[in-house]
Amino acid sequence: MERMQVRSTYERKKRSVCAVERAAQAIFTVCAFFAVLAVASITLYMIAGGMPAFLKVGIREILFSTVWKPTAEKPSYGILYIILTSIVGTAFAILIGVPIALLTAVFLAEVAPRRLAAVVKPAVELLAGIPSVIYGLLGIMILNPLMYRWERALFAGSETHQFTGGANLLSAVIVLAIMILPTVINISESALRALPPQLKASSLALGASPVQTIFRVLIPAAKPGIITAIVLGVGRAVGEAMAISLVSGSSVNLPLPFSSVRFLTTAIVSEMGYASGTHRQVLFTIGLVLFAFIMIVNILLNSILKKGDDGHE
Amino acid sequence: MNRRWKDGLLLGLIYLAAFFSVLLLAGIIVYVFARGFRSVSWSFLTSVTSALQGTTGIAGNIVNTLYIVALTLLIATPVGVGSAIWLNEYAGKSRWVRLIEFTTETLAGIPSIIYGLFGMVFFGTVLHLGYSILTGALTLTLMVLPLITRNTQEALRSVSDAYRTGAIGMGAAKWYMIRTILIPSAMPGIITGVILAVGRIVGESAALLFTAGSGYLLPKPGTGLLHKILESGGTLTIQLYLSMSKAQYDVAFGIAVVLLVIVLLINLLTKLLAGKLDVSARH
């Protein structure tokens with residue numbers, strides 16, 4: 001009798017342990033799939049939000065028209081210049097930022113004496129932590145007045161140029177170039193550090209100078225990692241909004257260096273507050289275009305990383 | 001001779017690039033402090049901007065920031081840690097792992113303005129939460145989730161397998177082993193993830209502009225403290241943005257000083273923790 005009781009409490013305990021175990025596993029599984037759910041619903045809502053305007057205004061009218069007059073009596077919703085601005089702005093930010101970032105990564109991974117690296121590395125990390133609105137504030141206070149001076153000098157006699165007070169594409173490009181530095185530096189540095197040491201040793205043993213080794217051997221060998229870094233930088237630059245929304249000016253124009261421009265992100269930020277009706281729907285379409293850009297960047301990134309994995313196997 | 005000249009030039013460029021980052025950071029800090037130092041006073045930090053009383057202050061924004069940080073972490077930490085535990089301890093080689101890791105990476109790459117749009121529509125309109133601190137916190141939860149998941153995963157990976165086999169071999173059930181051995185060992189990594197998330201939340205603006213709104217009033221005492229969650233509340237960054245679009249640069253630089261101090265502190269904290277993590281890894 002007693003024995004049976006002992007046995008039954010043991011079983012009960014065992015069963016309750018089992019129940020707890022199963023519950024724990026179930027909860028963790030749900031947590032893990034949360035990310036999938038989040039991405040799926042964001043995708044769904046971006047498409048659902050962006051499509052109505054496509055249907056109402058017409059895909060060609062939105063994507064290939066250059067006239068952006070959403071609040072005019074006869075409104076026009078062409079976002080071609082906005083898309084072009086994002087592409088051109090990002091491209092130039094990458095063109096300026098990546099060389100600086102790559103050289104800094106080389107400095108940290110190969111050149112720097114320990115003491116100097118101990119200054120540069122934390123500085124880069126801090127740059128990554130500065131809120132984007134602060135970059136925007138500094139852009140307005142420092143870059144825009146400087147640009148205005150250049151603008152007045154350059155377009156002194158021009159009658160067609162619309163003066164912007166310095167809030168132009170060039171200012172935004174500079175801010176973006178600075179903001180992608182930490183990302184590109186960090187990823188390229190880890191790529192350089194992950195190279196097998198024999199690579200450097202054999203290059204040096206063959207008589208190449210340290211600098212030749214860096215530029216002819218190490219950087220080419222770290223190419224997949226560096227490309228990853230650049231792609232991440234592109235994602236960062238395309239998606240940045242608050243830092244450039246006031247710096248880049250407030251009207252939609254062809255992206256020329258000294259023109260006031262709107263990016264995909266800044267169009268949303270500055271107009272969502274007051275937009276309504278079709279205008280608001282088109283802003284969601286702009287969001288969808290931006291989202292499509294980012295998804296392309298992500299898929300690109302994923303395939304680069306996958307290729308890298310296969311290479312190692 | 002030619003080669004040496006070229007080498008020297010390239011080396012010079014390398015040094016120049018490296019010092020550019022340092023100079024940039026030093027310039028930013030010095031400029032912001034020089035411009036904003038005078039705006040920051042006790043009353044600036046502890047009062048609310050009011051035309052009636054003639055005060056300019058950011059107390060409401062500081063409180064909003066704290067609310068959003070706390071609320072976001074309250075939701076994101078358990079989910080992020082749970083997700084990492086499943087990926088590392090339960091999933092094995094399941095093909096779902098790839099999908100979940102891909103979506104986690106994707107979440108990390110989505111720009112904050114997209115989070116803002118999604119949060120505005122889904123939490124704000126569909127779930128009827130409107131412009132509120134809760135809407136903002138839920139939106140940011142999605143955004144910081146990858147940070148916490150990835151840091152926890154990394155910490156779990158660095159826990160020696162001997163701990164796992166030892167505990168299981170002694171008859172511990174899996175969840176018991178996770179609870180008493182893995183989570184404590186991974187704690188520094190989890191905390192690092194959480195602190196990084198705090199930094200991200202404090203610096204965030206685009207995702208909050210259309211979700212948490214721009215309220216700057218202090219919560220009313222009593223039940224108002226709880227009700228505040230459903231009211232609009234702009235964080236420090238939002239107030240900074242609004243101030244600079246209204247050309248109130250003194251206020252803007254004052255807030256920038258406060259934000260920079262917070263960023264510096266968070267950075268210091270992660271450094272200290274990283275040091276600790278290294279020590280525990282060496283055992």
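In what follows, every chain begins at residue 1, and chains take the letters A, B, ... in the order their sequences are listed. All of these numbers come straight from a predicted model, not from anything done at the bench. Values below: all heavy atoms of this structure, side chains included; hydrogens, waters and symmetry mates excluded.
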Which atoms of [X] come close to chain A, meaning under 4.5 Å heavy atom to heavy atom: side chain ones, backbone ones, both, or neither?
X	result
B:Phe253	both
B:Pro146	neither
B:Arg179	neither
B:Asp7	both
B:Leu240	side chain
B:Val79	both
B:Val81	neither
B:Ile85	side chain

Choice from [options] maximising heavy atom contacts with chain B below 4.5 Å:
options	result
A:Ile130, A:Thr265, A:Val238	A:Ile130
A:Glu240, A:Glu125, A:Arg236	A:Glu125
A:Val111, A:Val106, A:Ile185, A:Leu102	A:Val111
A:Leu181, A:Leu301, A:Leu290	A:Leu290
A:Tyr135, A:Phe291, A:Phe284, A:Phe33	A:Phe33
A:Ile214, A:Val124, A:Leu264, A:Leu126	A:Leu126

Determine whether the side chains of [X] and [Y] contain a donor N or O and an acceptor N or O closer than 3.5 Å.
X	Y	answer
B:Thr192	B:Asn151	no
B:Tyr241	B:Ser214	no
A:Ser203	A:Arg216	no
A:Ser245	A:Thr266	no

Who wins among [options] for the most heavy-atom pairs under 4.5 Å with chain A?
options	result
B:Gly199, B:Ser205, B:Ala108	B:Ser205
B:Glu105, B:Met120, B:Arg35	B:Met120
B:Thr106, B:Ile178, B:Thr104	B:Thr106
B:Leu24, B:Leu209, B:Leu13	B:Leu24
B:Pro111, B:Ala17, B:Ser83	B:Ser83

Where on [X] is there a heavy atom nearer than 4.5 Å to chain B: the side chain, the backbone, both, or neither?
X	result
A:Ile100	both
A:Ile140	side chain
A:Leu127	both
A:Met272	both
A:Leu116	side chain
A:Ile27	neither
A:Val36	both
A:Met295	side chain

**Study point:** NZ/NE/NH1/NH2 to OD/OE distance under 4.0 Å, A:Arg280 and A:Glu271
**Key:** no
Check your understanding: So how far is it from B:Met177 CE to A:Glu21 CD, rounded to the nearest 0.5 Å?
Key -> 9.0 Å
Check your understanding: Roughly how far, to the nearest 0.5 Å, is the OG1 atom of A:Thr285 from the CE atom of A:Met46?
Key -> 9.0 Å
For [Y], does its backbone N or O pair with a side-chain atom of [X] as donor and acceptor, under 3.5 Å?
X	Y	answer
B:Ser39	B:Asp250	yes
B:Thr237	B:Glu204	yes
B:Ser245	B:Leu242	yes

Are the side chains of [Y] and [X] in contact, using a 4.5 Å heavy-atom criterion?
X	Y	result
B:Ile58	B:Leu236	yes
A:Leu288	A:Met51	yes
B:Leu107	A:Val39	yes

Exercise for review: I would like to know whether B:Trp175 and A:Phe28 meet ring pair (Phe, Tyr, Trp, His ring centres under 6.0 Å); could you show each step before the answer?
Suggested key: CA-CA 10 Å; B:Trp175 163 233; A:Phe28 292 140; 5.6 Å; yes
Review point. Is it the case that more than 12 heavy atoms not belonging to B:Tyr176 sit under 6.0 Å from its OH atom?
Key: no
Check your understanding: Parallel, tilted or perpendicular: which fits the ring planes of B:Phe123 and B:Phe118, with parallel below 30° and perpendicular above 60°?
Key -> perpendicular
